[in-house]
Amino acid sequence: MKPGNISAYLSDTGISASLKQIAEKVTGGERISESDGVLLFEKGDPGFLGALANFVREQKNGNTTYFNRNFHIEPTNICVFSCKFCSYSRLLKHREEGWELSEDQIMDIVRSYDGQPVTEVHIVGGVHPKMDLDFFAGILKKVKAHRPELHIKGFTAVELDYMFRKAKTSIEEGLGMLHKAGLDSLPGGGAEIFHPEIRSRICNDKCTADEWLAIHKTAHTLGMHTNATMLYGHIEKFSHRIDHMSRLRNLQDLTEGFNTFIPLKFRNKDNEMSDVPEASVIEDLRNYAVSRIFLDNFPHIKAYWPMIGRSTAQISQAFGVDDLDGTIDDSTRIYSMAGAEEQNPSLSTEELVSLIQESGRSAVERDTLYNVVNNFETTAPSTITAPSR
Ligand code: V47
Ligand code: SF4
């Protein structure tokens, strides 16, 4: 499915003057303001937002949708923090359901992918009081010694902030040490919603927005690429989402170190925010679209398919998304435990390629830094284009 053409909207007299002005800015290559971003959320219907986001997407990434072959390691779900949206952390409650992997167990997981054409391992988990900087530096060295070409994307800024404080080291020193040990890039987790009005209510005890941003800025300075996430669809307002993206856009202007923005849909199963209803699929799509339009300096927007499910992942490609993450196994328990769409997320490369091609896009396998690993020719019989207005 492809959205309608934005020029049809621009010549349509039925559309509000303010939305038309924003569309003209975007098609003219001009950056939109924070108030424009809020207005898009408030007034933009899905068809209009999809058409405008698709214009940006195709300018940046053409018809390509990327994926990669990766696997996940979650060293522990024991966590010293108590984010209200988290269904995963087990420190105070249900400690018996917690897991803590030893170095050997982690290396067993790495070895279990020997001979498989994976290019990346994503290491992320809870913040365990005893898994410290030295423990993780040792693991990074072992993984690199075992499989030097495997890209290690690991540790959210929240995990790193805690590790560095415990080790009484600066961000520069701590990150420098992990980078030297084998850490190649940082995932985007822990960002949640930066604005203190919301952050104080959903994750009061972990690192602040400024601390999160400082860690990513330092990583960029060290030459590492990173991602950024936003946990949306709970108690935040549209203005908080735009504030979040604006802080990221400002840092990206300085460093150009972010690769990908990943909106993460809040799931409400078994957590302290279970009374908060989840966003609709339409809202998910509108959110992808506004992210693509607002973050004009982010190369990629990723839909994390295990969270939103395969169908929404397909449609998201018409709303600004150009990356569907990886062909991964069922090891990402942070989502399945929160009620994600895919309870056993596993897609073969062939399945992911067809999922992309059925959407009328060209599937490209990438490595973590978006170098092309494999280009799959489009074999989809037809592209279904939504009728122009
Ligand atoms: O920061 C926790 C989220 C994140 C819930 O960089 C929840 O490629 C929804 O960092 N509902 C960690 N989300 C995951 C992460 C990530 C994921 C995919 C790709 C990348 C990347 C990074 O998981 C946390 C938090 O925002 N999360 N609980 C929940 N109930
Ligand atoms: Fe810990 Fe992360 Fe869960 Fe927060 S979201 S409680 S930091 S595991």
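Just so it is clear, the values below take in all heavy atoms, side chains as well, and ignore hydrogens, waters and symmetry mates. First listed ligand is number 1; within each ligand, the first listed atom is number 1. Nothing here was measured: the structure is a model prediction, and the numbers come from that model.
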For Met307, the ligand 1 atoms whose distance to one of its heavy atoms is below 4.0 Å: 9 (C), 13 (N)
Ligand 1 contact on Phe85 by region, counting heavy-atom pairs under 4.0 Å: both
Pro263 versus Asn287, closest heavy-atom pair with distance: CB-ND2, 3.4 Å
Ligand-side contact atoms (ligand 1) for residue partner Asn227, heavy atom cut-off under 4.0 Å: 6 (O), 8 (O), 21 (C)
Close-contact set for ligand 1 against Leu264 heavy atoms, below 4.0 Å: 3 (C), 4 (C), 23 (O), 26 (O)
Residue of the set Phe294, Phe238, Tyr288 for which ring-ring contact (aromatic ring centres under 6.0 Å, His included) holds with Phe41: Phe238
Element-labelled atoms of ligand 1 that are located less than 4.0 Å from some non-hydrogen atom of Gly189: 1 (O), 10 (O), 15 (C)
Per-atom contacts, ligand 2 versus Cys83 - under 4.0 Å to a heavy atom: 4 (Fe), 5 (S), 6 (S), 7 (S)
His300/Tyr66 aromatic ring centres below 6.0 Å: yes
Heavy-atom nearest option to atom 13 (N) of ligand 1, drawn from Asn68, Val158, Leu231: Leu231
Crowding at CZ, Arg31 (>12 non-hydrogen neighbours, <6.0 Å): yes
Main-chain N/O of Lys302 paired with Asp323 side-chain donor or acceptor, under 3.5 Å: no
Ligand 1 N/O within reach of Arg267 N/O, cut-off under 3.5 Å: yes
Which of the ligand 1 atoms, numbered from 1, are nearer than 4.0 Å to a heavy atom of Pro187: 6 (O)
Whether over 12 other heavy atoms sit under 6.0 Å from Glu256 CD: no
Mode of Lys265 contact toward ligand 1 - side chain, backbone, both, neither (heavy atoms, under 4.0 Å): backbone
Atoms in ligand 2 with a heavy atom of Phe81 nearer than 4.0 Å: 6 (S)
Main-chain N/O of Gly257 paired to Thr255 side chain as donor or acceptor, under 3.5 Å: yes
Within-cut-off N or O pair, Val124 and ligand 1, under 3.5 Å: no
Within-shell test, Met273 vs ligand 1, heavy atom, strictly < 4.0 Å: no
Short side-chain to backbone donor-acceptor contact, Thr76 and Trp99, under 3.5 Å: yes
Exceeds 12 heavy-atom contacts within 6.0 angstrom, atom NZ of Lys142: no
Main-chain N/O of Gln314 paired to Gln317 side chain as donor or acceptor, under 3.5 Å: yes
Enumerated ligand 1 atoms positioned under 4.0 Å from heavy atoms of Asn271: 30 (N)
Passing option when Phe155 is tested against Val124, Leu186, Leu183 for side-chain contact (heavy atoms from CB on, under 4.5 Å): Leu183
Main-chain N/O of Asn227 paired to Lys153 side chain as donor or acceptor, under 3.5 Å: no
Ligand 2 atoms in contact with Phe85 (distance to a heavy atom under 4.0 Å): 5 (S)
N/O/S from Cys79 sitting under 2.8 Å away from atom 1 (Fe) of ligand 2: yes
Under 4.0 Å to a heavy atom of Phe266 - the qualifying atoms of ligand 1, by number: 9 (C), 11 (N)
Check: Glu192 N/O within less than 3.5 Å of ligand 1 N/O: yes
Phe298 ring center within less than 6.0 Å of Phe258 ring center: yes
Atoms in ligand 1 flagged as close to Ile262, the criterion being non-hydrogen separation under 4.0 Å: 6 (O), 8 (O), 19 (C), 20 (C), 21 (C)
Any N/O pair Thr156/ligand 1 closer than 3.5 Å: no
Lys302 N/O under 3.5 Å from ligand 1 N/O: yes
Lys206 N/O to ligand 1 N/O under 3.5 Å: no
